[in-house]
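Order of the sequence lines sets the chain letters (A, B, ...), proteins ahead of strands, with each chain counted from 1.
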Protein chains: 6
Amino acid sequence: MPHNNLPDLMVRPLVEAALREDLGRAGDITTNAIIPADTIWQAKLNTRQAGIVAGLDAARLAFHLFDAGVIFTPLKQDGDKIQAGDCLARVEGPARSLLSAERAALNFLCHLSGIATETHKFVEAVKPHATQICCTRKTTPNLRVIEKYAVKCGGGHNHRFGLDDAILIKDNHIAVAGGVRPAIEAVRKAIGHLVKVEIEVDTLAQLDEVLALLPTAPVDSVLLDNMDAATLKLAVEKVAGRVATNASGGVTLQTVNAIAATGVTRISVGHITHSAAILDIGLDI
Amino acid sequence: MPHNNLPDLMVRPLVEAALREDLGRAGDITTNAIIPADTIWQAKLNTRQAGIVAGLDAARLAFHLFDAGVIFTPLKQDGDKIQAGDCLARVEGPARSLLSAERAALNFLCHLSGIATETHKFVEAVKPHATQICCTRKTTPNLRVIEKYAVKCGGGHNHRFGLDDAILIKDNHIAVAGGVRPAIEAVRKAIGHLVKVEIEVDTLAQLDEVLALLPTAPVDSVLLDNMDAATLKLAVEKVAGRVATNASGGVTLQTVNAIAATGVTRISVGHITHSAAILDIGLDI
Amino acid sequence: MPHNNLPDLMVRPLVEAALREDLGRAGDITTNAIIPADTIWQAKLNTRQAGIVAGLDAARLAFHLFDAGVIFTPLKQDGDKIQAGDCLARVEGPARSLLSAERAALNFLCHLSGIATETHKFVEAVKPHATQICCTRKTTPNLRVIEKYAVKCGGGHNHRFGLDDAILIKDNHIAVAGGVRPAIEAVRKAIGHLVKVEIEVDTLAQLDEVLALLPTAPVDSVLLDNMDAATLKLAVEKVAGRVATNASGGVTLQTVNAIAATGVTRISVGHITHSAAILDIGLDI
Amino acid sequence: MPHNNLPDLMVRPLVEAALREDLGRAGDITTNAIIPADTIWQAKLNTRQAGIVAGLDAARLAFHLFDAGVIFTPLKQDGDKIQAGDCLARVEGPARSLLSAERAALNFLCHLSGIATETHKFVEAVKPHATQICCTRKTTPNLRVIEKYAVKCGGGHNHRFGLDDAILIKDNHIAVAGGVRPAIEAVRKAIGHLVKVEIEVDTLAQLDEVLALLPTAPVDSVLLDNMDAATLKLAVEKVAGRVATNASGGVTLQTVNAIAATGVTRISVGHITHSAAILDIGLDI
Amino acid sequence: MPHNNLPDLMVRPLVEAALREDLGRAGDITTNAIIPADTIWQAKLNTRQAGIVAGLDAARLAFHLFDAGVIFTPLKQDGDKIQAGDCLARVEGPARSLLSAERAALNFLCHLSGIATETHKFVEAVKPHATQICCTRKTTPNLRVIEKYAVKCGGGHNHRFGLDDAILIKDNHIAVAGGVRPAIEAVRKAIGHLVKVEIEVDTLAQLDEVLALLPTAPVDSVLLDNMDAATLKLAVEKVAGRVATNASGGVTLQTVNAIAATGVTRISVGHITHSAAILDIGLDI
Amino acid sequence: MPHNNLPDLMVRPLVEAALREDLGRAGDITTNAIIPADTIWQAKLNTRQAGIVAGLDAARLAFHLFDAGVIFTPLKQDGDKIQAGDCLARVEGPARSLLSAERAALNFLCHLSGIATETHKFVEAVKPHATQICCTRKTTPNLRVIEKYAVKCGGGHNHRFGLDDAILIKDNHIAVAGGVRPAIEAVRKAIGHLVKVEIEVDTLAQLDEVLALLPTAPVDSVLLDNMDAATLKLAVEKVAGRVATNASGGVTLQTVNAIAATGVTRISVGHITHSAAILDIGLDI
């Protein structure tokens, strides 16, 4: 699996903050009152639902940051397909540590696996088409790094990570610039040579404006926004492979295959990051 | 409305981090390339879906932290019921600032309004029963403060905010303690006098053990975990109002009314924080 | 001992900041100039005064965060009664590390042991009464977590940790609400079911108002503020065990036994956190 | 008054952290439940004890950081002598803001005024001698900046702020170096030309060793540690004004005048920062 | 000027940290001792050298973050060509604030203007060729955001901002992958559609391997590393405009024009960020 | 070597931030796409230029903070004189970790070694005079701690670390104070006894004013600002060893020996921190 490559350095601050959020100012007062410090447990992270796992590193970090003595043994890897009842990892150590870090660990694991699972449903739904499923910047505040990672675990692809790593010219930009051509010209002057450009078009007429500027304009992809399948098909034909095509706008599991059938290169789905339900995973002693 | 009482001080770090997450290392390169610095816009935050709004302060902070010169005029208040098409706020200022902060503002507003809306559905679903809908600690990492706030905006109530502000004795605690009585005794010795105690019981037999210790045991609430409606009804009858009752475990919109009908005081629903879809709100120029 | 249960995760940021505060921008320039890097020392943390020890974990962290190679062997546990001359811990490692981290370690250990010791004096002073000694929110800025922990090491109990984990209705709240009853009603609507309520009363008449609302009002404790012993006694009799009683206001070691003799459940003492002298502990090579 | 010169930039992080510590994850739930958002109050910071005020800026920042709309009007300045009943500042604004920020504001103001007041007692106690009262590095963790400031408000002087801004050669340094001379030589090679040097001597013999190296050795001050008054007097005579003299070791209000009478330039008193009781100041509506 | 578009939000943490670094634990003790708090000054930021200005916003923030009452009036804009003696900005406010923030303000302004000026020298040196001057990731630790901005102020262009916003396949990557083709294939599978790819080639043979994969391989630019001008010329001819070309490796002001004459699209110059001398700018009262 | 004494605690935050700056939101996407996770490398940090090494600890931390499993074996020590081709350290571990942390490690090592090397050139240039080379506060924002350390590695000495650890009375201070004497008097009242005083004089007349106040005035050093060599010589003769002398103002490698020949104790050189070019060091696999 190529997915588990987010260095701990990038995940640790999020997990540490989540532990602090849960421990508050007095720590796990229930556990500390009842469980002796020397009770050792072996526990398992078991999934109650089928799906795609993501976030095992975050779960591991939650236990380790609370107590470096906890032994976390993953039995699955991020990106693996899992079935209800599967054990994802063994966790062994002081019962106090397992209980105190449990919720933080699970909140990451369930949330990220939920995103990976929902992404994977879209990836499956477009088959047999080769269309890629992309995420958007509609992510949960401050979790973009790990949510985009979870999308990849689910078989999806990443769109921009922020406002700064690629150009996306939207309708308002075009309106202020006074048209497609001046917008693209303004961008051409500003950007470095390793920055790609996507431009949103809402109509076939607007698409024609963009295509007329090719091949010299710095446009790598057109975002075909809120077009119905018939229009998308025409758009794809007009583009004729000269740039990438990316369909977006209210895509659902019900509509995504029809969109893929139009031949677009990619489909952007906000739903997979902003509205995925969690995958139900628990810690069993 | 009693809801908009989270001081900016508590929300600001989250919003500032979210802006930085989106701006990355180069800022909004598209907008800066195309939109002149002196273009001023009037925009509106409009909802495309009906629901309950939550997070207007976070949205305001997103614009203000990016540019203190943006004027944000809320037309609704957190907790308000909104209809598709409603304008939630007017936002006026430099077009660059509106575009650069838009996504961060919306990601908060859509996420929190989604939680408030989902909570409200459960609140409505239990009617005509007086049962309260409670959230859990199954929240998105590092957003607990504002997600619990959104639950209140939706008419729900808050369970514990963390491991430290109330006691919740779970099955594992009881097992290690060697029974209900020793678990409660251990807790009694440890806690301050302003800390409440809830104890999870999975069976009526276990409930009997707890009730036998009343009224002297420090138990304020019993968490009736994963009981079917018939068992819950019996449990409520056994408790007979001596302590609060709280039903939990896989509650859905389909099952919640039947659970409420058993007479439990509260129902804990993880779904409203961990699996609510966003409410679709956009910025229209 | 039930006291040493603050996870390192919660104490580490405080200790790391304290080390940085002492090291400044150039580190321990005296030690680095004079002491060779390879000089190894065995040192002891010895107390020069009798009292109750608290903060051994913070002391350990001070040495470990500066140099993970230092071996810290505690000979006492937090909460232990110690005599002048007692060795609390052995510390072994590079002389440079011991000297550079010494002051940060001692500042925590002396401060927290001072609080534990002062608390213990009050705990002893109320004997033979069973009255509990409570701390307040009058703590040193940004040290509340560890100061409240030190109070427990000294045999005391914790009052609220902040404005958010319990309700405390004070005179000003009552005045604005328009009386005891509306204040309590307002609170009842707002709080979750795991939040306790204490209400401050300054007079017996006010106490009567509160008691008249029992048993249905959500009141768990009355804070009897600034009453003399005679009045307190009357108050306790009026309450008759229906809710907890908590005496507060200028309590000293001289007055605390008489207050305890009135039969109050608890006595809140700001002094133990805001005005305790340190316990004199030093590092001897 | 020359004292109120700590820029807000340096105090703000401490105050902001203290507010967050008190607000926790839900804010001031009592106040928000009872006090309407539009209730405006005029309140006063009144002292119940005589002393020296310090920390008005921190108190102001506590209110302002919580709510920029609060108007804080100081009637005294840091360093002023105040009498019981004196009003130190007027605070006007939303009642909610005043109540929510009150404790954080007071915890700073009472703590720092306590230090200033205790310092001032020592300053008065040495009269008519010109001896300066100095603080030490025995400060409350993470509050050194403002505690050293409070010492100055009380008429005291600051010793080192950390391990890095001056040399202090202690007994252990001398022991490892193999004597006074090699210790001083090691320091001479290491330090910049704007770093002063103090050396601790425990005996007159050791003092003689230091004095024998003058005037070429880089020694600006001798710390006369744990000497009785008679020995101190001899030491001061030996030094004969060639370097500064600084007496330290268990100094109390009872002993300080006798020490001053020996003619030492300065007396270091750990007590004023590590064991000062607060000054009792309250917020009256 | 299109350059001054880094939002304050992104620069503020750097400036605030720099102020704290300079103020240390006691602030500007010289100024506070000598300058009365009510002395108001008008000062000017004057350059002693000709060059390109960059960093006026950072300078403004330094004064404003120290004292919001300082009035900073820029007379030049970032990117402007300035002559020795030019006034860049007027700064008016309390003398204490001007002196305390001066060094932090100047350290940013001189450093960034130094980079802009050095960049501009390279930009001028390649004329009349249209070759772009690019920066690298060889930036000063933690200042990349503002240093890359300064490069743009000087007329240069930005290469990657980090390891994550574009692909750069280097010699070691190719070696491990087992050749150019497998390296490119591995990348193709991994990246999102808005990520560009540059590949380093050290020889013409390696270049041929890359070119043989066009036009289907995802390669947007070839980095011609450490080639002499003659080889570069051949390389550019081989590429024949199919992808961008970028020359790198020990480029100096002496060699850059000859490199530009080979027809490469871009030249990467580490020197402009890692070794530029400051531009000498001072604050004159 | 006495130089490698900056504790990791003080360097770690800088290195961790630099790694995060380079990793951005997606990490090293090139390396993760191409290099297998189990590829282990042995690499060497080799210098391509002669000079003085500084920053090996920062380089080590860069690799270790990214991956604790990397083995870093230094072959040189900070402060060592190195020749082109010298290996400074061996680095062994996962190829991914080496490549991902390489740039952060090198940016510190090259920058600090550049400063040490440039400092050393000045140190050599003043020979055979004993004059010390000092740095200034003209350092790169937020790197002062490690840049001042690098100056020491190069054989230089440190001037003030900030505005707070020594007094430096400048021309503007004197002007506002109304002369040298009142400025010094104001300082005398304000400072602690372990704070040194340097005063800037621009003319011999001003120097005379200062000297006239000796030996009772608290002046430890005079900063002879922007004087030519002849004037400096006269100044040094006037001072006659009563206080230290420090020449400053536009000092270059060309002029520094002549300045040293005047007999000044120290020469302050801003250039060594604000304008040193890097030392070219690379990682070779």
Side-chain angles (χ1 to χ4, degrees), chain A residues 14-15 17-18 21-36 39 95 99-100 103-104 106-108 110-111 114 137-145 161-165 167-170 172-173 175-177 183 186-187 189-191 195 270-271 274-278 285, chain B residues 14-15 17-18 21-36 39 95 99-100 103-104 106-108 110-111 114 137-145 161-165 167-170 172-173 175-177 183 186-187 189-191 195 270-271 274-278 285:
Chain A
L14 294 174
V15 178
E21 179 189 58
D22 206 19
L23 293 165
R25 287 162 305 206
D28 186 349
I29 57 175
T30 309
T31 295
N32 290 340
I34 297 177
I35 310 284
T39 302
L99 287 169
S100 294
R103 179 51 36 216
L106 288 175
N107 282 352
F108 279 102
C110 297
H111 181 69
R137 281 169 44 247
K138 296 181 177 176
T139 52
T140 313
N142 303 321
L143 298 185
R144 189 170 291 167
V145 162
F161 272 72
L163 292 160
D164 63 323
D165 58 338
I167 291 282
L168 178 44
I169 304 174
K170 294 196 181 174
N172 287 318
H173 294 115
V176 172
V187 159
K189 282 183 211 141
I191 61 174
V195 176
H271 175 88
H274 66 52
S275 295
I278 63 156
I285 311 300
Chain B
L14 294 173
V15 178
E21 179 189 57
D22 206 19
L23 292 165
R25 287 164 304 209
D28 187 347
I29 55 175
T30 309
T31 295
N32 290 340
I34 298 177
I35 310 284
T39 303
L99 287 169
S100 294
R103 181 48 39 213
L106 288 175
N107 282 352
F108 278 101
C110 296
H111 181 70
R137 281 170 44 247
K138 296 180 177 176
T139 51
T140 314
N142 302 322
L143 298 184
R144 189 171 291 166
V145 163
F161 272 72
L163 292 159
D164 63 322
D165 59 338
I167 291 282
L168 178 44
I169 305 174
K170 295 196 181 174
N172 287 318
H173 295 115
V176 172
V187 158
K189 281 182 212 142
I191 61 174
V195 176
H271 175 88
H274 65 52
S275 295
I278 63 156
I285 310 301

**Report entry** Shortest non-hydrogen separation from A:Asp164 to B:Gly24 and the atoms involved
**Finding:** OD2-CA, 3.3 Å
Query raised in the report: Which one, A:Ala175, A:Ala95, A:Gly27, leads in non-hydrogen pairs under 4.5 Å with chain B?
Result: A:Gly27
Query - chain B contacts, top residue of A:Ile191, A:Val176, A:Asp165 (heavy-atom pairs, under 4.5 Å) - result: A:Val176
Requested in this report: For residues B:Pro141 and A:Leu14, determine if any side-chain heavy atom of one lies less than 4.5 Å from a side-chain heavy atom of the other.
Outcome: no
**Report entry** Side chain / backbone / both / neither for A:Ile278 at chain B, heavy atoms under 4.5 Å
**Finding:** both
Query - Contact winner vs chain B - A:Gly162, A:Ala190, A:Ala276, heavy-atom pairs under 4.5 Å - result: A:Gly162
Query raised in the report: What distance do B:Arg144 atom CZ and A:Glu21 atom CD have between them, rounded to the nearest 0.5 Å?
Result: 5.0 Å
Report task. Find the distance between CG (B:Asn107) and NE2 (A:His274) and round it off to the nearest 0.5 Å. Result -> 8.5 Å
Report summary line: Tightest non-hydrogen contact, residues A:Leu163 and B:Ser100, listed as CD1-O, 3.4 Å
Query - Contact origin within B:Ile34 toward chain A - heavy atom pairs under 4.5 Å - result: both
Query raised in the report: Would a 4.5 Å heavy-atom cut-off, applied to side chains only, mark A:Asn142 and B:Asn142 as touching?
Result: no
Query raised in the report: Between A:Ile35, A:Val195, A:Leu99, A:Thr39, which residue shows the highest count of heavy-atom pairs closer than 4.5 Å to chain B?
Result: A:Ile35
Query raised in the report: Heavy-atom distance under 4.5 Å to chain A: side chain of B:Val15, backbone, both or neither?
Result: neither
Query raised in the report: Nearest 0.5 Å, what's the OG1-NE2 distance between B:Thr140 and A:His111?
Result: 5.5 Å
Report summary line: Between A:Ile167 and B:Thr30 the two heavy atoms that sit nearest each other are CA-OG1, 3.4 Å
Query raised in the report: If you count heavy-atom pairs under 4.5 Å with chain B, which of A:Ile169, A:Asn172, A:Val187, A:Leu106 comes out on top?
Result: A:Asn172
